[in-house]
Amino acid sequence: METTISEKHGNSINTKKKKKWSERPTKTDVFIGLFMIVVIVVTLYPFLHVLAISLNNAVDTARGGLTIYPRDFTLQNYREIFSGNNNWVIAFRNSVLRTVIGTITATFTCAVLAYILSRKNYIFRRPLGIILVLTMYVSGGLVPTYLVIRNVGLMNSFAVYIIPALLNAFNVIVIRSFIDGLPEALEESARIDGANDITIFLKIIMPLCMPVLATVALFTAVGQWNNWFDTYLYAGANVNLTTLQYELMQILGNAQSMTSSQVHQLNQTEGAIIRTTPESIKMAATIIVTIPIVIVYPFLQKYFVSGLTLGAVKS
Amino acid sequence: MESAKVIDIEKQGQIKARQKQMPKKKITWKLIKQQKLLIGMSIPFVIWLAIFAYTPLIGWIVAFQDYRPQNGFLGSDWVGFHHFRVLFNDSLFYTALRNTIGMGGLGLIFGTGTAISFALLLNELRFTRFKKMTQTISYLPHFVSWVVVANLVTTMLSNTGVVNNILQFLNFTDSPINFMARPDMFWGIVTAAEVWKSTGWNAIIYLAAMTSISQEMYEAAHVDGANRFQKMWHITLPSIKPIIIILMIMSIGNIINIGFERQMLLGNNIVADAAIVIEKYALDYGIGMFRYSFGTAIGIFKSVISIILIFTFNTIAKKTSDISIM
């Protein structure tokens, strides 16, 4: 092993540009490779298993032994969710609505505040910046926040998903750093032409900020889509405000207690009517809330490191 | 260590230079008139911050009152430290505190440990395509919600789940273990779920730090005959030590701020004793029972502990390794 390593390093020192993989893998390489394969399997297996259950006939699933591919393929579990006689349709609508509206509004407000804070001559720039950044370090906590939300009348209204989420200090700082990096000449010429701050923001800064705004929007969207706790705390009483995550959270415990014998019993008593079980519906719902994430998260990764370093430098 | 000091000095220099650059501006009526549009744009933000960020802070006074919603913040009776006394006399509070620190500590140790080990090994992986793919897959769990993770965990750990199947196949156990109904295993399950969810994501920052390590150091070590694990141990790890310590300081205060999401979603009545954490306690015995003052008192206690933890660890880190965030 020792010799191969030195060979490899000898090569890489002498011919720096040479592709490393052209060399023979050592035992260490094989070990690390195998370890990474285990990591991949452990990460993906649960998702694939749940996907298999969601696509499998529910009664067949209750027999057990399912792994990562459906045995008796059916879309019945998904059909059940969207069939319209339950909360899932409302939940799906609300999840989509809060993600779309919440993301657009929050990204826009963060961008406006970032623009204001990027004006070098603005007299209240420092105080405004300080009261914003302080929110990253101190928070009132669970109960006082709950009392505020209740006292301003946001309980059991759709606005509770949008308004308290409008500002995020970290996002504002990230956008502001981006604006600071833009050439000043662009807006100076506009200002000479008599454009005011709103025009400069909307016509010049916003279009240039699209890359960073896309990043912030994606992170906000993931946060909105994944949030169940505000529904639980502030809107649980109103069925019309339920979300996918909240519905999923509610059946998490219920479906657990349903054993295969109970399913079997259910199957017998209702004859051919039974097409699915809460367990299988739960799995289908899990897949529905996971798929959008799987689609967007590779885009998030691209921007993450740059965004993080930006934020760190500024704060 | 040296480099951290250098960075510190550089930073101070930069700040001083910036202060020189921008002399303090006098606020005059002329300026205000000139900037009325910006000021107008700022007002909604100030109002938002006042309501959603600062009113809850003022709301801390509720902890010293017997708050009744119908009387409001100002009309409620003052009771001093009554709620804190009740809190410190409640045995459930100590259970919650123990669980919080236990699970927070386990999460910090194993979370950091696995993230660093994973980053070290991934950094050594030479096949770039495979490396990228592994990394991308590894942080998928970070982006799915805890509701989904809790669902996956309970499915995997159920009586017919894959974990029990493997254990039975390997003859570690005859009958399936009912994981979710075992209070003694709850901390472990929560920690494992956390590690599963966050290792790949937490490794990103360490990997980023590793890419900036000078290649010459490795070459020098290679000339001295070091093998790969020796290089990992003597070069890579010490090089990322500052960032490890900084992240540790920042997360040590969060030992007590672990929230309650995973405990609430993974827990059930059978394991309640091992699953109750401070925030869940505040939620159930504060908001749930309309004892808002009591719930606020719990929140204040938590914040105080969190600040003490950060300062203590910061001081220790400063003394032992010259790295600090304050």
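Each chain gets a letter, A, B and so on, in the order the sequences are listed, and its residues count up from 1.
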Find out whether [X] and [Y] are in side-chain contact, i.e. whether some heavy atom of one side chain is under 4.5 Å from a heavy atom of the other.
X: Asn121(A); Y: Gln34(B); value: no
X: Leu117(A); Y: Phe45(B); value: no
X: Thr26(A); Y: Arg228(B); value: yes
X: Pro56(B); Y: Tyr146(A); value: no
X: Trp225(A); Y: Val144(B); value: no
X: Met36(A); Y: Phe118(B); value: yes
X: Gln35(B); Y: Phe124(A); value: no
X: Leu134(A); Y: Tyr54(B); value: yes

Return the option, out of [options], with the maximum number of heavy-atom pairs under 4.5 Å with chain B.
options: Val152(A), Ile198(A), Val50(A); result: Ile198(A)
options: Leu167(A), Leu166(A), Val289(A); result: Leu167(A)
options: Val294(A), Asn151(A), Leu147(A), Val39(A); result: Leu147(A)
options: Thr109(A), Ile116(A), Leu66(A); result: Ile116(A)
options: Phe201(A), Phe35(A), Tyr45(A), Phe31(A); result: Tyr45(A)
options: Leu142(A), Leu132(A), Leu128(A), Val222(A); result: Leu142(A)

Identify which part of [X] has an atom lying under 4.5 Å from any heavy atom of chain A, answering side chain, backbone, both or neither.
X: Val153(B); answer: neither
X: Leu207(B); answer: neither
X: Leu49(B); answer: side chain
X: Thr160(B); answer: neither
X: Ile58(B); answer: neither
X: Leu121(B); answer: both
X: Ile39(B); answer: both
X: Met41(B); answer: both

Contact origin within [X] toward chain B - heavy atom pairs under 4.5 Å:
X: Ile32(A); value: both
X: Arg150(A); value: side chain
X: Tyr115(A); value: side chain
X: Ser139(A); value: backbone
X: Leu113(A); value: both
X: Leu154(A); value: side chain

Return the option, out of [options], with the maximum number of heavy-atom pairs under 4.5 Å with chain A.
options: Ile32(B), Thr55(B), Ile137(B); value: Ile137(B)
options: Tyr292(B), Trp146(B), Phe52(B); value: Tyr292(B)
options: Ser145(B), Ala150(B), Gly59(B); value: Ser145(B)
options: Asn268(B), Val46(B), Val62(B), Ile51(B); value: Ile51(B)
options: Leu140(B), Leu152(B), Val148(B); value: Leu140(B)

Practice task
Report, as yes or no, whether the 6.0 Å neighbourhood of atom CG on Asp224(B) holds more than 12 heavy atoms from other residues, nucleotides or ligands.
Solution key: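 Check passes, neighbour count above 12.
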Thr43(A) and Tyr139(B): side-chain donor and acceptor closer than 3.5 Å?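 Tyr139(B) and Thr43(A) do not have a side-chain donor-acceptor pair below 3.5 Å.
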Counting distance only, does the side-chain N/O of [X] pair as donor-acceptor with the main-chain N or O of [Y] below 3.5 Å?
X: Tyr297(A); Y: Thr136(B); result: yes
X: Trp228(A); Y: Val147(B); result: no
X: Asn151(B); Y: Thr286(A); result: no
X: Trp48(B); Y: Ile163(A); result: yes

Could you measure the distance from the [atom1] atom of [X] to the [atom2] atom of [Y]? Nearest 0.5 Å is fine.
X: Asn227(A); Y: Glu261(B); atom1: CG; atom2: CD; value: 8.0 Å
X: Arg119(A); Y: Ser42(B); atom1: CZ; atom2: OG; value: 12.0 Å
X: Leu38(B); Y: Ile123(A); atom1: CG; atom2: CD1; value: 9.0 Å

Should the ring pair Phe260(B) and Phe229(A) be called parallel, tilted or perpendicular, given that the plane angle runs from 0 to 90° and is split at 30 and 60?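 Rings of Phe260(B) and Phe229(A): perpendicular, as their planes differ by over 60°.
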query: With a 6.0 Å cut-off on ring centres, are Phe47(A) and Trp196(B) close enough?
result: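 Yes, ring centres under 6.0 Å apart.
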message: Using the rule given for side-chain contact (heavy atoms from CB on, under 4.5 Å), can you reason through Leu233(A) versus Leu283(B), listing the C-alpha separation, both sets of side-chain angles and the distance that settles it, and then say yes or no?
response: CA-CA 9 Å; Leu233(A) 200 56; Leu283(B) 188 67; 3.6 Å; yes
Notebook entry, point to check: What are the two closest heavy atoms between Ala53(B) and Thr135(A), and how far apart are they?
Noted result: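 Closest heavy-atom pair between Ala53(B) and Thr135(A): CB-CG2, 3.4 Å.
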Problem set entry | Pair Asp197(A) + Lys36(B): basic N to acidic O under 4.0 Å |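 Salt bridge: no.
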I would like to know whether Leu265(B) and Met249(A) meet side-chain contact (heavy atoms from CB on, under 4.5 Å); could you show each step before the answer? CA-CA 7 Å; Leu265(B) 294 168; Met249(A) 174 249 164; 3.4 Å; yes
Take Phe127(B) and Asp29(A) through the test side-chain contact (heavy atoms from CB on, under 4.5 Å) and record every step on the way to the result.
CA-CA 9 Å; Phe127(B) 190 22; Asp29(A) 288 321; over 6 Å; no
